There are 2 protein chains.
Amino acid sequence: MYNSANVAERQSQAPSLAISTVIFALRTDPSSGASEIWLPLVRRIRQPHLGKWALPGGPLGARESLQDAAARNLRETTALDPTYLEQLYAFGGLDRSATQRLVSIVYWALVRPDQADLARDSENVRWFRASEAVGLAFDHDEIVAYALERLRGKVTYGSVAYHFLGDRFTLAQLRGVYEAVLGKHLDPANFRRQLRSAQDIAATDEVLQGGRNRPPRLYRYTGP
Amino acid sequence: MYNSANVAERQSQAPSLAISTVIFALRTDPSSGASEIWLPLVRRIRQPHLGKWALPGGPLGARESLQDAAARNLRETTALDPTYLEQLYAFGGLDRSATQRLVSIVYWALVRPDQADLARDSENVRWFRASEAVGLAFDHDEIVAYALERLRGKVTYGSVAYHFLGDRFTLAQLRGVYEAVLGKHLDPANFRRQLRSAQDIAATDEVLQGGRNRPPRLYRYTGP
DNA sequence: GGCCGTTAGGGTCATGATGACTATAACTCA
DNA sequence: TGAGTTATAGTCATCATGACCCTAACGGCC
């Protein structure tokens, strides 16, 4: 059957390939001062799932790499450059889309938003708290959950947390990232001890002035 | 080549999608008794890279999931069922194949070979020591290296080593898996102590008779 | 100016995991 | 019967971790 199919049939049988990107940014709650994870979603402007919110994405260009396509998704959605971008997973279940067989290679990214840009929602792009990004189009609920899992893993294990922050940061800010991602309180003293033994972080000779309390020292990420 | 320029253009623009699988099995060196990692490769019977060795793979069927396609690769190549099968990575660089734009979603698998099957090479399928699988077609050298990296990670961290072995195994056999994967010697006593605290392993009341030395106890994997 | 609340940043202590090592048990083979 | 080999248990120093305490340094308030 496969061999005898003509070109048109083969065309309709070949699964379509798309690239999508889960974009995470950190936002500080104005009232509590705690950090939270946010992500931008785009509104579907065609069937299926018209009107629902979905991950930014689209077809893979003929002359762009997978990662370039993900970065393009990101620029077109947020007008920001990623500070971290990594492949998440390829989703290819048979029932992902009712209208066609669709394989999505999904990336996840961290961006460092100016607060202004994060607020600049448009008609078809809106930022959501990660915990409130549910009821999305296709299987994007699962994809977001999986991306959050990966984020948690990378934060506990490694060196991703820095990419949420600017080039100078206090240990309290960094701890805020950990707490937002892992969803639990961390002892400040123990956190400090652990990060002193981390290789890719260095103290600067500056401190952050203007706070209410003792001015904290600023640190710098020296890794890749 | 195609009956319509329109289709031909679209065809040349849309990247082709293929599934490939890196299949690992354990083999015991007859002289030293040490365990080694082997994998099967297939000979290219068409251009490009005609005659070179490559990972088993092929196009994604219209009605099969990504994982099903990988399992089919595996059956067709080795006539074995996987004891472990996981997505590795999607490779989609622009220069992977000289003749077409090709995106490969690669899986990696562990199989538990009867020694007989592992030896049964054919004209176009041959098993190689992982360390000697170099000079492959396309970017498959890199893919194998990446799969070995992932295998090492999963073994150190978790619960994959069991899937190389049968349903009953001695701790020495399990230690052999770790040593083959990690490429270093492990202290037998410390290894034993660590695995006693692992959840998904249980001692049976049987021992393995017939060896040269004190008969070792047999263990059982109780995890997923 | 002096006290207070808060965060920064340094330390202690018990606990648990880890690596190096020793000792004994149980088998085969010469 | 003893030598060689592996199985299995235990010991000890070291290191990372979590819980906790203490002092330093700021702003705000009286």
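If you're wondering where the values come from, they're calculated on a predicted model, not measured in any experiment. By convention in this document, chain letters (A, B, ...) are assigned in the order of the sequence lines, proteins followed by strands, and residues within each chain are numbered from 1.
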Below 4.0 Å: OP1/OP2 of D:dT17 and any side-chain N or O of A:Q194
yes
Can the ring centres of A:W53 and A:F128 be said to be less than 6.0 Å apart?
yes
State, with a plain yes or no, whether a side-chain heavy atom of A:V106 is found less than 4.5 Å away from one of A:V22.
yes
Tell me whether A:E179 is salt-bridged to A:K184, with the criterion being a basic N under 4.0 Å from an acidic carboxylate O.
no
Residues touching DNA chain C, which here means a heavy atom under 4.0 Å, drawn from residues 200-208 of chain A
none
What nucleotide, of D:dC20, C:dG19, C:dA8, holds the atom closest to the side chain of A:N190?
D:dC20
Integer-rounded Å distance: D:dC20 C1' and A:F191 CZ:
19 Å
Stems for DNA chain C (at least 3 consecutive Watson-Crick or G-U pairs, under 3.5 Å) come to C:1-30 with D:1-30
Shortest non-hydrogen contact from A:Y162 toward A:L174:
CE2-CD2, 3.7 Å
Which nucleotide in the set C:dA8, C:dC21, D:dA7 lies at the smallest distance from any side-chain heavy atom of B:A189?
C:dC21
Please state whether the rings of B:Y146 and B:F91 are parallel, tilted or perpendicular, taking 30° and 60° as the class boundaries.
perpendicular
Taking B:R217 first and then B:E206, would you say they form a salt bridge - that is, a charged N and a carboxylate O separated by under 4.0 Å?
no
Point-to-point distance, once rounded to the nearest 0.5 Å, from NE2 of A:H49 to CZ of A:F138:
5.0 Å
Separation of C:dG9 atom P from A:Q173 atom CD, nearest Å, is 12 Å
Atom-to-atom span, CZ of A:R212 to C1' of C:dC4 - whole angstrom:
14 Å
Residue mapping more 5' on DNA chain D - nearest nucleotide basis, B:R193 or A:R193
B:R193
Scan B:I37, B:V160, B:L165, B:L110 and name whichever one has a side-chain contact (heavy atoms from CB on, under 4.5 Å) with B:V177.
B:L165
For residues B:Q194 and B:D187, determine if any side-chain heavy atom of one lies less than 4.5 Å from a side-chain heavy atom of the other.
no
Upstream residue (5' side of DNA chain D) when A:D187 and A:Q209 are each assigned their closest nucleotide:
A:D187
Could you work out which one of C:dA8, C:dT28, D:dA7 sits closest to the side chain of B:P216?
D:dA7
So, B:E36 and B:R129, do they make that salt bridge, N to O below 4.0 Å?
yes
Length of the CG-P vector between B:L171 and D:dT8, whole Å
6 Å
Look at the side-chain N and O atoms of A:R192 and state whether any lies under 4.0 Å from the OP1 or OP2 oxygen of C:dG9.
yes
Atom-pair distance (CG on B:L218; P on D:dT6), nearest Å
18 Å
Selection from C:dC27, C:dG5, D:dT17 that lies nearest to any side-chain heavy atom of B:N213
C:dC27
Starting at CZ of B:R217 and ending at C1' of C:dA26, how long is that distance when rounded to a whole Å?
13 Å
In whole angstrom, what separates B:L195's CG from C:dG19's C1'?
15 Å
Take atom CZ of A:R214 and atom P of C:dC4, then tell me their distance rounded to the nearest Å.
20 Å
